[in-house]
Amino acid sequence: MEPAFSLRVVGLMSGTSHDGVDGAACDLRLAGDTLTLTPLGHLSTPYPAALRSGLVATLPPAATTAEAVCRLDTGVGQAFADVATRAVAELCGGRADLVVSHGQTLFHWAPAGGGVQGTLQIGEPAWIAEATGLPVVSGLRTRDVAAGGQGAPLVGLFDALWLAGRPGAVALNLGGIANVTVLSGATPVAFDTGPACALLDAATRHVTGGRLTYDADGALAARGRVLPRLLERLLDEPYYARPAPKSTGKELFHLSYLLDRLGPTEPTAEDLFATLVALTARTVADAVRHTAAEVVASGGGTRNPVLMAALRSELPGVAVRTSDELGVPSQAKEALAFAVLGWHTWHGLPGVLPGATGARHASVLGSVTPGADGRYPPGRGSGVGVPGRLEILRPA
């Protein structure tokens, strides 16, 4: 590989579901203005039970201590390091050039009346660099926030390059929070539409006493009916009316938020789940129904057939498909997107599109922790050009 233009990259991601670490490996090579991505495979590892319990106990609206945050930062960093080490050995044939770590979002400071003031992702990258010997790009969200952007979602650049040439395409990720990249306007815009699985997962843990963490295959929702009055109360959330770009998280959409809106009589689990599915489908559809000719979905929510059916019902005449159909595994899409962002950082290129997150300008994202050889990125001096499209290749 030409070192200035090609990299073998491992992308690491843990989203708002905070259930484990996704790792995806790929070869990235620039030729002309086309960045070619060849997936090498992906893997997913659940967090150790004690670590996940610690995260659940620390996430909003819970209070925490500096000691708890320090312990979690180390634990998450070590969990990411384990996945990175496995990915290099199992997916990359023992050789990679770069690791890109999203880390675990612990808090996204997004006041109701204004822009994002800060964002905190934990998972110390030094653990990854020490375990793999590779340089690590991390902390990608904060620079965009410092420039006045939302810092989330950050997949807009990947989506715009990947879906270039597909008029009216909307990229949708259904994680704990649902986010979209809308490509129909003069300038792509990326924003969070509201909860995808966050309230569903919180409700699952609540009604099962923690025995289950999610509604597998939408089984409970499939047996329920949508409760119009409850859906109306849930839709009466000011966040949905705010203009894009915007971002949110479990700082807003958590179990206490949901219980406060149930009213004096708690519905059956089945009806509650059916209504929460309807909420996600409606808020996603409302955000894109006037611009989308095609919705390309990824994330854990795509495994819920009831949710996908509700989304298709809300968007008649719009093709709703998964990213797998376009060569990007839906469970690995975000990890691959961060690998692409890390490739940009390594070459000194901005990782966001102008205007996509509301930032004053596009920034080179993140910080680099050197690997065993102390190597730093070549930056813009490498002569690498700015990609204009992303081509997904099947591995040989």
Side-chain angles (χ1 to χ4, degrees), residues 15-19 47 49 52-65 68 72 104-113 152 174-179 192-242 246-284 286-287 299-301 304 306-307 310-311:
T16 47
S17 294
H18 58 266
D19 49 4
Y47 280 135
R52 191 172 194 278
S53 296
L55 283 167
V56 171
T58 303
L59 290 167
T64 189
T65 65
L72 289 172
Q104 177 67 64
T105 298
L106 199 64
F107 193 82
H108 191 64
W109 184 12
L174 295 168
I177 300 297
N179 63 67
D192 292 336
T193 63
C197 301
L199 296 182
L200 282 163
D201 292 350
T204 302
R205 289 189 292 272
H206 174 66
V207 303
T208 67
R211 182 173 56 87
L212 299 176
T213 58
Y214 69 100
D215 182 18
D217 297 322
L220 287 170
R223 298 197 297 267
R225 61 188 179 91
V226 177
L227 302 177
R229 290 186 180 179
L230 175 57
L231 179 59
E232 183 178 348
R233 287 198 297 273
L234 292 169
L235 287 169
D236 189 25
E237 163 56 52
Y239 178 81
Y240 303 132
R242 286 172 51 189
K246 57 184 177 179
S247 60
T248 187
K250 288 187 175 179
E251 297 76 20
L252 175 60
F253 295 111
H254 48 67
L255 179 61
S256 297
Y257 171 96
L258 175 60
L259 296 178
D260 287 345
R261 284 153 181 78
L262 292 185
T265 304
E266 189 167 316
T268 67
E270 291 82 358
D271 290 350
L272 173 59
F273 281 67
T275 305
L276 291 174
V277 164
L279 172 70
T280 293
R282 177 74 59 81
T283 50
V284 169
D286 284 349
N304 185 328
V306 181
L307 175 55
L311 187 59

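Note that this is a predicted model, so its numbers are computed, not measured.
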**Message:** Any side-chain to backbone donor/acceptor pair from Thr58 onto Thr64? Under 3.5 Å, distance only.
**Reply:** no

**Item:** Side-chain donor or acceptor of Arg52 paired with backbone N/O of His18 under 3.5 Å
**Value:** yes

**Fill in**
Minimal heavy-atom distance between Leu227 and Pro267, with the atoms involved, is CD1-CB, 3.5 Å

**Nearest heavy-atom neighbours spanning Ala274 and Ala221** = CB-O, 3.7 Å

**Asked** Any donor and acceptor pair, going by atom type alone, linking the side chain of Arg242 with main-chain N or O of Pro238 inside 3.5 Å?
**Response** no

**Request:** Take Leu307 and Leu174, measure what side-chain contact (heavy atoms from CB on, under 4.5 Å) needs, and give me the verdict at the end.
**Result:** CA-CA 10 Å; Leu307 175 55; Leu174 295 168; 4.1 Å; yes

**Asked** Looking at Ala62 and Ala57, what are the two nearest heavy atoms and their distance?
**Response** CB-O, 3.2 Å

**Asked** Can you tell me if Asp192 uses its side chain to pair, donor with acceptor, with the backbone of Asn179 under 3.5 Å?
**Response** no

**Request:** Would you check, one step at a time, whether the test side-chain contact (heavy atoms from CB on, under 4.5 Å) holds for Tyr239 with Thr283?
**Result:** CA-CA 10 Å; Tyr239 178 81; Thr283 50; over 6 Å; no

Name the atoms and distances for all side-chain donor-acceptor pairs under 3.5 Å in residues 198-208, with sequence neighbours left out.
| residue | atom | partner | partner atom | Å |
| --- | --- | --- | --- | --- |
| Thr204 | OG1 | Leu200 | O | 2.8 |
| His206 | NE2 | Glu266 | OE2 | 3.4 |
| Thr208 | OG1 | Thr204 | O | 2.7 |
| Thr208 | OG1 | Arg211 | N | 3.4 |
| Thr208 | OG1 | Leu212 | N | 3.0 |
| Thr208 | OG1 | Leu212 | O | 3.3 |

**Request:** For Leu230 and Leu272, run side-chain contact (heavy atoms from CB on, under 4.5 Å): C-alpha distance rounded to whole Å, both residues' side-chain angles, the deciding distance at 0.1 Å, then the answer.
**Result:** CA-CA 9 Å; Leu230 175 57; Leu272 173 59; 4.1 Å; yes

**Asked** Quick check: does any side chain N or O of Glu251 sit under 3.5 Å from a backbone N or O of Pro61, one acting as donor and the other as acceptor?
**Response** no

**Asked** Which pair of non-hydrogen atoms, one from Tyr47 and one from Gln104, has the smallest distance, and what is that distance?
**Response** OH-OE1, 2.9 Å

**Prompt:** Does OH belonging to Tyr257 count more than 12 external heavy atoms closer than 6.0 Å?
**Reply:** yes

**Asked** Hey, what do you get for CG (Leu279) to CZ (Phe253), rounding to the nearest 0.5 Å?
**Response** 7.5 Å

**Message:** Looking at Thr16 and Ile177, would you say the former's side chain and the latter's main chain have a donor-acceptor pair under 3.5 Å?
**Reply:** yes

**Item:** Asp286 side chain near Arg282 side chain, heavy-atom distance below 4.5 Å
**Value:** yes

**Message:** Could you report the tightest heavy-atom contact between Gly218 and Val306, atom names first, then the distance?
**Reply:** O-CG2, 3.4 Å

**Prompt:** Would you say Arg233's side chain and Leu262's backbone share a donor-acceptor pair under 3.5 angstrom?
**Reply:** yes

**Asked** Out of curiosity, Leu234 CG to Leu258 CG, how far, rounded to the nearest 0.5 Å?
**Response** 6.5 Å

**Request:** Walk me through it: do Leu106 and Leu55 pass the test side-chain contact (heavy atoms from CB on, under 4.5 Å)?
**Result:** CA-CA 8 Å; Leu106 199 64; Leu55 283 167; 4.1 Å; yes

**Complete:** Between the NE2 atom in His254 and the CG atom in Asp260, the distance rounded to the nearest 0.5 Å is 8.0 Å

**Asked** Closest heavy-atom contact between Ser247 and Ala152?
**Response** CB-O, 3.5 Å

**Prompt:** If you round to the nearest 0.5 Å, how far is CZ of Arg223 from CG of Asp271?
**Reply:** 11.0 Å

